[in-house]
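Here's the structure we're looking at; comments come further down.
Each chain gets a letter, A, B and so on, in the order the sequences are listed, and its residues count up from 1.
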Number of protein chains: 2
Amino acid sequence: MKGGQVTIKDIARELDISPSTVSRALKDHPDISPETKKAVNELAKKLHYQPNSIAQSLRKSKTNTIGIIVPEIVHFFFSTVISGIEDVAYNAGYNVIICQSNESYEREVSDTFALLSHRVDGLLISLSRNTKNFDHFREVYERGIPMVFFDRICEELDTHRIVVDDKEGAFKAVEHLISIGCKRIAHIEGPRNLVICQQRLEGYKQALEQHGLPYDEDLVVIDNVGSRESGFERGQQLLKLDNPPDAVFAHNDMAAHGVMLAIKEAGLKIPEDIAVAGFSNWQFSSLIQPSLTTVAQPGFEMGREAARMFIDQVKQDKEDFQAQTQLLKTELIIRESTVRA
Amino acid sequence: MKGGQVTIKDIARELDISPSTVSRALKDHPDISPETKKAVNELAKKLHYQPNSIAQSLRKSKTNTIGIIVPEIVHFFFSTVISGIEDVAYNAGYNVIICQSNESYEREVSDTFALLSHRVDGLLISLSRNTKNFDHFREVYERGIPMVFFDRICEELDTHRIVVDDKEGAFKAVEHLISIGCKRIAHIEGPRNLVICQQRLEGYKQALEQHGLPYDEDLVVIDNVGSRESGFERGQQLLKLDNPPDAVFAHNDMAAHGVMLAIKEAGLKIPEDIAVAGFSNWQFSSLIQPSLTTVAQPGFEMGREAARMFIDQVKQDKEDFQAQTQLLKTELIIRESTVRA
DNA sequence: CTGAAAGCGCTTACAG
DNA sequence: CTGAAAGCGCTTACAG
């Protein structure tokens with residue numbers, strides 16, 4: 001019992017049997033006599049024996065650990081997804097190592113290799129906003145390590161993926177804006193390299209088209225940051241147009257809030273002059289004034305499903321693997337920012 | 001190169017040298033000739049060699065992993081602390097395994113043993129609300145594994161701890177309420193077993209005493225949950241008193257928000273009829289209406305310091321260990337909920 | 001400057 | 001029913 005940690009050898013020595021027998025007794029191997037099992041288990045309990053899972057991992061080439069890479073931990077949506085992953089992982093006997101890329105491509109790469117070095121059994125990933133090159137994940141892929149991308153997915157690799165139906169979510173939000181009488185609907189677009197943002201733009205376009213509204217590129221502005229400040233600036237930019245919008249649909253709730261602040265500052269009313277809708281599972285979109293209409297995403301469910309897809313893949317024969325893309329439904333939550341008296 | 005993972009043996013075989021030499025070359029051991037080093041490093045790079053840190057961990061009895069146990073991940077304060085821990089840990093070469101107790105004592109115990117089994121080098125812990133027995137942590141302590149408690153600390157063990165100055169924070173908040181003319185200040189008290197809540201109560205009492213206000217136990221109500229709903233109920237309870245309060249200081253911002261909703265529902269005005277102050281680093285206390293005065297906590301800094309204390313302890317000789325309790329300063333943020341016209 | 005050997009703690013095919 | 005041996009991938013004291 002060196003270093004305070006009891007090992008199988010300690011138990012074997014004390015009972016004057018071999019480590020092999022102890023190992024087998026501990027896992028209730030049918031070969032071992034009931035008496036031996038009893039003696040081993042009692043002593044193990046008495047000494048507070050705990051298997052060294054590092055040794056087990058090395059032996060079995062399996063760590064029962066899942067690596068997660070998210071852009072940020074301090075983020076309602078991502079922490080909710082993590083919580084969902086953790087829930088399923090815990091019940092399936094997996095531990096979870098979490099890294100945050102801080103929206104940095106370089107950090108994402110180094111996180112990936114750190115997790116590989118830790119021999120995680122798989123990776124659950126949501127891309128950083130700045131990731132345009134996927135070589136690091138291609139290497140993971142080529143080593144045969146399961147990956148599941150969630151929300152901010154990578155389309156270049158043949159892996160499981162899970163997203164909400166971003167296009168449909170955006171479509172519903174914009175259709176709703178049209179239904180309350182808006183004719184010039186602007187869109188604050190997220191980073192172009194993120195598929196989810198492309199989809200949201202696509203849903204916006206489709207809704208306009210389907211309802212016979214023209215697509216005006218002056219009304220579509222890019223916001224690569226997605227913060228309140230950047231949304232505020234995009235809002236100001238839109239308000240300066242000769243023919244400003246009567247509604248704004250933003251790619252996320254933070255940006256939407258920034259737009260609202262810009263509208264208020266210009267002395268205009270929400271939703272009477274300009275209606276606003278956002279996108280996300282943002283915890284407190286209900287708290288801002290006026291409360292914000294938003295497309296809610298099932299983050300916890302996404303986490304649970306991502307973990308399940310991973311576990312299914314691990315259980316499966318490699319030959320049988322078929323990459324799947326799960327699409328989760330969003331829910332349009334209508335609030336004051338789009339309800340005209 | 002089995003299972004797609006390159007090992008030291010693969011490199012040794014290909015170069016026709018021994019694994020020992022490869023190992024040494026890889027870590028730039030002075031004994032090894034420059035030519036050998038060059039050959040090894042080039043081949044390692046070419047084959048995308050990555051040391052198996054599981055094997056290294058087993059060999060060195062050190063995993064370079066920190067276990068974190070928090071009540072919840074989806075929580076602004078805790079996710080901020082985690083982010084701070086991650087920041088320091090990453091730069092010191094540590095990985096972080098995160099578990100959430102979900103405020104369950106049983107889950108906290110099983111998390112603790114799961115982390116021990118993973119042979120984490122240390123534990124950074126914030127207690128579950130329901131933890132009243134510390135045997136699981138006593139066992140960690142007796143095995144000589146470093147622990148740092150943060151925010152929701154354990155006073156029964158001689159470990160490093162880090163908290164904000166809860167008593168002073170509460171004192172400042174209540175003193176501020178007194179300064180705007182409040183005479184009957186109620187307190188929504190958090191779970192009694194949490195030291196931070198005891199301290200907040202203590203600060204409340206001290207402020208009253210120091211300013212010559214009587215302590216009225218009718219004005220102090222317990223809220224063990226700390227949610228908007230539970231705060232709402234406590235608020236209603238206070239409003240029913242024959243002599244209701246003219247201010248409420250709540251142990252957290254969620255409860256404070258619940259109280260505000262109860263006050264509004266009763267047709268009373270904040271802060272004119274009843275002023276409200278909360279406690280926390282709650283991201284959006286600025287967003288609710290009216291905006292909430294609160295005692296802000298430096299969560300990121302707390303995480304960074306907790307990780308630093310752990311790393312210091314690891315570097316130190318065990319004999320030199322002196323348990324420390326760090327006290328971080330809070331900041332009273334005065335907002336509309338306590339500013340009378 | 002390099003290698004053979006032992007060992008970290010466990011598991012399991014093989015032998016008895 | 002039990003044990004000795006080999007091995008997971010690495011490191012390092014010891015020998016040369």
Side-chain angles (χ1 to χ4, degrees), chain A residues 1-41 43-44 47-65 93 116-121 143, chain B residues 1-41 43-44 47-65 93 116-121 143:
Chain A
M1 183 173 162
K2 307 170 201 156
Q5 303 288 15
V6 182
T7 71
I8 273 187
K9 276 189 188 170
D10 299 314
I11 298 177
R13 197 178 313 121
E14 189 137 341
L15 256 30
D16 205 26
I17 55 179
S18 77
S20 326
T21 303
V22 175
S23 172
R24 283 189 275 246
L26 250 15
K27 40 179 48 62
D28 205 25
H29 189 108
D31 274 0
I32 305 296
S33 77
E35 300 79 51
T36 308
K37 279 185 191 167
K38 187 154 175 276
V40 168
N41 283 307
L43 185 58
L47 298 180
H48 300 274
Y49 169 75
Q50 274 210 282
N52 181 332
S53 53
I54 296 295
Q56 291 175 321
S57 295
L58 182 61
R59 180 60 233 259
K60 298 191 191 161
S61 305
K62 185 167 189 312
T63 55
N64 272 283
T65 299
L116 281 185
S117 173
H118 269 266
R119 296 299 190 266
V120 292
D121 294 338
R143 291 198 200 178
Chain B
M1 181 173 163
K2 305 171 204 161
Q5 303 287 15
V6 182
T7 72
I8 274 188
K9 277 189 188 172
D10 299 314
I11 297 178
R13 196 179 313 123
E14 189 137 341
L15 254 30
D16 205 25
I17 55 180
S18 76
S20 328
T21 303
V22 174
S23 173
R24 283 190 274 246
L26 249 15
K27 40 181 46 63
D28 205 24
H29 189 107
D31 273 1
I32 305 297
S33 77
E35 300 79 51
T36 308
K37 278 184 191 168
K38 187 156 175 274
V40 168
N41 283 307
L43 185 58
L47 299 180
H48 300 275
Y49 170 75
Q50 276 210 283
N52 181 332
S53 53
I54 296 295
Q56 291 176 322
S57 295
L58 181 61
R59 181 57 234 259
K60 298 190 191 164
S61 306
K62 184 168 191 310
T63 55
N64 271 285
T65 299
L116 281 186
S117 173
H118 269 266
R119 296 301 190 265
V120 292
D121 294 338
R143 291 197 199 178

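- Gln5(A) has its side chain out of reach of Asn52(A): every pair of non-hydrogen atoms, C-beta onward, lies at least 4.5 Å apart.
- Between Asp10(B) atom CG and dC8(D) atom P the separation is 11 Å, expressed in whole Å.
- Asp28(B) pairs by the side-chain hydrogen bond (donor to acceptor under 3.5 Å, both in side chains) definition with Lys37(B), not counting sequence neighbours.
- Taking atom P on both nucleotides, dC1(C) is separated from dC10(D) by 24 Å, rounded to a whole Å.
- Crowding of Lys38(B) atom NZ: a count of heavy atoms from other residues, nucleotides or ligands under 6.0 Å not exceeding 12.
- Ile11(B) is not listed as a side-chain neighbour of Ile8(B), based on a closest heavy-atom distance of 4.5 Å or more.
- Checked by atom type and distance alone, the side chain of Ser57(A) pairs as donor or acceptor with a backbone atom of Ser53(A) at under 3.5 Å.
- Rounded to whole Å, atom C1' of dC8(C) lies 8 Å from atom CG of Asn52(A).
- Between dT2(D) and dG9(C), the two P atoms lie 24 Å apart (nearest whole Å).
- Between the CD1 atom of Ile54(B) and the C1' atom of dC10(C) there is a distance of 13 Å, given to the nearest Å.
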Check the interface with nucleotides 1-4 of chain C: list each N/O to N/O pair with the protein under 3.5 Å, or write none.
{"residue": "dT2(C)", "atom": "OP1", "partner": "Thr36(B)", "partner atom": "OG1", "Å": "2.9"}
{"residue": "dT2(C)", "atom": "OP2", "partner": "Ser33(B)", "partner atom": "N", "Å": "3.2"}
{"residue": "dT2(C)", "atom": "OP2", "partner": "Thr36(B)", "partner atom": "OG1", "Å": "3.2"}
{"residue": "dG3(C)", "atom": "OP2", "partner": "Ser18(B)", "partner atom": "N", "Å": "3.1"}
{"residue": "dG3(C)", "atom": "OP2", "partner": "Ser18(B)", "partner atom": "OG", "Å": "3.2"}
{"residue": "dG3(C)", "atom": "OP2", "partner": "Thr21(B)", "partner atom": "OG1", "Å": "2.6"}
{"residue": "dG3(C)", "atom": "N7", "partner": "Arg24(B)", "partner atom": "NH2", "Å": "2.7"}
{"residue": "dG3(C)", "atom": "O6", "partner": "Arg24(B)", "partner atom": "NH1", "Å": "3.2"}
{"residue": "dG3(C)", "atom": "O6", "partner": "Arg24(B)", "partner atom": "NH2", "Å": "2.7"}
{"residue": "dA4(C)", "atom": "N7", "partner": "Ser20(B)", "partner atom": "OG", "Å": "3.2"}
{"residue": "dA4(C)", "atom": "N6", "partner": "Ser20(B)", "partner atom": "OG", "Å": "3.0"}

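- Annotation: side chain of Leu116(A) is in contact with side chain of Arg143(A) (closest heavy-atom distance under 4.5 Å).
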Which dot-bracket string fits DNA chain D when only Watson-Crick or G-U wobble pairs with both atom distances under 3.5 Å count, crossing pairs get [ ], and | stands for a partner on a different strand? |||.||||||||.|||
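- For dC8(D), one of the phosphate oxygens OP1 or OP2 lies less than 4.0 angstrom from a side-chain nitrogen or oxygen of Lys9(B).
- One can place CD of Gln5(B) at 9 Å from P of dG9(D), the figure rounded to the nearest angstrom.
- The closest donor-acceptor contact from the side chain of Ser117(B) to the backbone of Pro51(A) lies under 3.5 Å.
- Rounded to whole Å, the distance from NZ on Lys27(B) to P on dC10(D) is 9 Å.
- Rounding to whole angstrom units, CD1 of residue Ile8(A) and C1' of dG7(C) are separated by 16 Å.
- Each of Thr21(A), Val22(A), Leu15(A), Asn41(A) was compared with Thr36(A) under the side chain to side chain contact (heavy atoms under 4.5 Å, CB included) criterion, and only Thr21(A) meets it.
- In this structure, CG of Leu58(A) is placed 17 Å from P of dG7(C), rounded to the nearest angstrom.
- Side-chain N/O atoms of Tyr49(B) include one lying less than 4.0 angstrom from OP1 or OP2 on dC10(D).
- Closest heavy-atom contact between Leu26(B) and Tyr49(B): CD2-CE2, 3.7 Å.
- Between Gln56(A) atom CD and dG9(D) atom C1' there is a gap of 17 Å when expressed in whole angstrom units.
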